[in-house]
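Within every chain, numbering begins at 1; the chains are lettered A, B, ... in the order of the sequence lines, protein sequences first and strands thereafter. Worth saying up front: this structure is predicted, and the values here are computed from it rather than measured.
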Number of protein chains: 2
Amino acid sequence: MLENIQELIDQYIDLSFSVHRKGESLIRDQIGSDLTNDQHYILRYISQTESCTSSELAEEFDVKKSAITAIINRMWEKGLIQRTRDEKDRRVVYLTLTEKGNQLYVNCEERIYKLVESFIKKFDPKEIKQFLETYKKLNQILIESKDYKVEE
Amino acid sequence: MLENIQELIDQYIDLSFSVHRKGESLIRDQIGSDLTNDQHYILRYISQTESCTSSELAEEFDVKKSAITAIINRMWEKGLIQRTRDEKDRRVVYLTLTEKGNQLYVNCEERIYKLVESFIKKFDPKEIKQFLETYKKLNQILIESKDYKVEE
DNA sequence: GTTTAATTGTTCAACTCATTAACTATTAAC
DNA sequence: GTTAATAGTTAATGAGTTGAACAATTAAAC
């Protein structure tokens with residue numbers, strides 16, 4: 001039963017990172033980090049993949065590579081991210097978290113977990129579970145129809 | 001039955017304007033408007049209230065008034081918005097849509113309706129209805145706990 | 001093997017949106 | 001009538017975005 005709730009919380013966090021409430025700066029305001037939301041998304045992605053590239057991030061977040069370069073630069077200046085050139089293919093640069101970056105990430109995730117837990121618990125587990133399932137389906141449909149254009 | 005689906009579509013559009021999928025620029029890409037999402041939100045709000053003020057918009061979208069001034073300026077330059085000073089209280093400026101602004105709004109809404117309809121129809125009406133209800137409750141909880149901060 | 005094409009990532013200029021702080025103009029309060 | 005508060009703007013600054021041009025490197029064509 002307990003791990004059931006934990007799973008719901010994890011699923012919600014996953015969703016709330018693909019969805020973004022307008023006018024809400026959860027990371028800065030409620031979690032008390034000086035990262036922007038976008039910077040936290042990237043911190044999170046790098047942490048989970050251990051190591052990734054700019055192209056991969058651009059693909060994942062559906063923005064141009066130059067946008068990723070700008071964000072990574074700011075995070076690099078804060079000492080959160082390391083850049084390592086691939087020895088075989090010297091075009092690619094691997095991005096990894098520094099110790100400082102990892103500590104910040106772990107600390108934030110802990111707080112995010114507590115925050116999400118606090119309002120997930122206000123729902124009947126069945127209701128929130130059904131909600132998340134529909135949400136995932138909807139998200140998938142939105143992704144699939146991303147290039148569909150409405151005619152006149 | 002038919003108005004049931006229409007209602008669901010309306011509710012979804014309302015929600016999707018308070019929620020904002022990251023990396024998705026629905027208005028520009030799928031609807032084919034040259035407005036940004038933020039500009040469309042404001043177009044929409046002014047249309048629905050007939051007339052409003054900068055302060056009201058700042059309150060509604062939870063940003064500072066200077067941010068609203070910047071957006072309104074851009075929309076004013078495009079000829080979408082009119083500014084009218086109140087004759088009694090000459091500090092306040094009423095914002096209304098021009099004919100051009102209103103035409104653009106109506107045109108966009110029509111396309112948005114079609115787009116949302118196309119994927120709402122992929123769900124069982126019961127499922128999407130339940131989804132929207134939970135979403136509204138969740139949204140309310142998020143708004144209420146906006147000032148809650150997670151402790152160390 | 002040399003030329004051509006594709007890929008990875010950066011830099012730069014221009015845009016939108018956000019905040020903070022200082023400011024004008026006007027109205028309200030005492 | 002002086003002081004407070006309110007409505008809105010302006011200016012400086014920063015983050016994130018795009019598009020275009022670029023360098024460096026690798027892959028493909030021949």
Side-chain angles (χ1 to χ4, degrees), chain A residues 17 20-29 33-46 51-78 80-96, chain B residues 17 20-29 33-46 51-78 80-96:
Chain A
F17 272 98
H20 177 75
R21 283 190 59 246
K22 226 194 97 53
E24 172 198 1
S25 189
L26 182 133
I27 293 303
R28 227 181 333 215
D29 297 345
S33 155
D34 68 338
L35 290 182
T36 65
N37 276 323
D38 290 316
Q39 287 170 6
H40 188 80
Y41 298 148
I42 286 185
L43 196 71
R44 188 165 204 264
Y45 188 86
I46 296 180
S51 163
C52 71
T53 66
S54 283
S55 301
E56 196 178 332
L57 288 170
E59 172 78 19
E60 174 71 17
F61 293 104
D62 201 20
V63 295
K64 297 284 174 281
K65 285 189 291 185
S66 52
I68 299 295
T69 300
I71 299 177
I72 296 296
N73 277 341
R74 287 179 206 110
M75 296 177 77
W76 182 81
E77 280 163 16
K78 289 180 182 172
L80 304 174
I81 286 183
Q82 251 175 341
R83 293 194 230 228
T84 322
R85 271 227 127 75
D86 186 332
E87 284 305 320
K88 290 173 189 168
D89 186 342
R90 298 194 53 72
R91 288 171 302 183
V92 347
V93 176
Y94 294 117
L95 304 170
T96 51
Chain B
F17 273 97
H20 178 75
R21 284 188 59 243
K22 228 193 96 53
E24 173 197 0
S25 189
L26 183 131
I27 293 303
R28 228 177 338 209
D29 296 346
S33 155
D34 68 338
L35 291 182
T36 64
N37 276 322
D38 290 314
Q39 287 170 6
H40 188 81
Y41 297 149
I42 286 186
L43 196 71
R44 188 164 204 264
Y45 188 87
I46 297 180
S51 164
C52 72
T53 65
S54 284
S55 301
E56 196 178 331
L57 287 169
E59 172 78 20
E60 174 71 16
F61 293 104
D62 202 20
V63 296
K64 296 286 175 280
K65 285 188 290 184
S66 52
I68 299 295
T69 300
I71 299 176
I72 296 295
N73 277 342
R74 286 177 209 112
M75 296 176 77
W76 182 82
E77 281 162 16
K78 290 179 182 171
L80 305 174
I81 286 182
Q82 252 176 339
R83 294 194 231 229
T84 322
R85 273 228 127 73
D86 186 331
E87 283 306 320
K88 291 175 188 167
D89 185 342
R90 299 195 50 76
R91 289 170 303 183
V92 346
V93 176
Y94 293 117
L95 304 170
T96 50

How many whole angstroms separate atom [atom1] of [X] from atom [atom2] of [N]?
X: A/Glu77; N: D/dG16; atom1: CD; atom2: C1'; answer: 15 Å
X: B/Asp34; N: C/dT16; atom1: CG; atom2: C1'; answer: 13 Å
X: B/Phe61; N: C/dT16; atom1: CZ; atom2: P; answer: 18 Å
X: B/Lys64; N: C/dA22; atom1: NZ; atom2: C1'; answer: 16 Å
X: A/Glu56; N: C/dG9; atom1: CD; atom2: C1'; answer: 14 Å
X: A/Glu59; N: C/dT8; atom1: CD; atom2: C1'; answer: 14 Å
X: B/Leu57; N: D/dA7; atom1: CG; atom2: P; answer: 13 Å
X: A/Ile68; N: C/dC12; atom1: CD1; atom2: C1'; answer: 18 Å

Pairwise 5' ranking along DNA chain D for A/Ala67 and B/Val92, keeping only the more 5' one: B/Val92
Contact residues, residues 83-91 of chain A to DNA chain C [heavy atom, < 4.0 Å]: A/Arg83, A/Arg91
Steps toward side chain to side chain contact (heavy atoms under 4.5 Å, CB included) verdict (B/Thr53, B/Val93): CA-CA 6 Å; B/Thr53 65; B/Val93 176; over 6 Å; no
With sequence neighbours excluded, tell me which residues meet side chain to side chain donor-acceptor pair (under 3.5 Å) with [X].
X: A/Arg83; result: A/Asn73
X: A/Lys65; result: none
X: B/Arg91; result: B/Asp89

Parallel, tilted or perpendicular: ring planes of B/Phe61 versus B/Tyr45, cut at 30 and 60 degrees: perpendicular
Quick one: [atom1] on [X] to [atom2] on [Y], what's the gap to the nearest 0.5 Å?
X: A/Thr36; Y: A/Tyr41; atom1: OG1; atom2: OH; answer: 9.0 Å
X: A/Asp62; Y: A/Leu57; atom1: CG; atom2: CG; answer: 12.5 Å
X: A/His40; Y: A/Met75; atom1: NE2; atom2: CE; answer: 9.0 Å
X: B/Ile72; Y: B/Gln39; atom1: CD1; atom2: CD; answer: 9.0 Å

Exercise: do B/Gln82 and B/Tyr94 side chains pair donor with acceptor under 3.5 Å: no
Pair A/Thr96-A/Ile81, side chain to side chain contact (heavy atoms under 4.5 Å, CB included): steps then yes or no: CA-CA 6 Å; A/Thr96 51; A/Ile81 286 183; over 6 Å; no
Bend angle of the helix from C/dG1-D/dC30 to C/dT26-D/dA5, end axes from five pairs each (to 10°): 10°
Under 4.0 Å protein heavy-atom contact, by nucleotide of nucleotides 10-15 of chain D - B base, S sugar-phosphate only: B----S
Glycosidic conformation of D/dA4, taking syn as within 90° of 0 and anti otherwise: syn
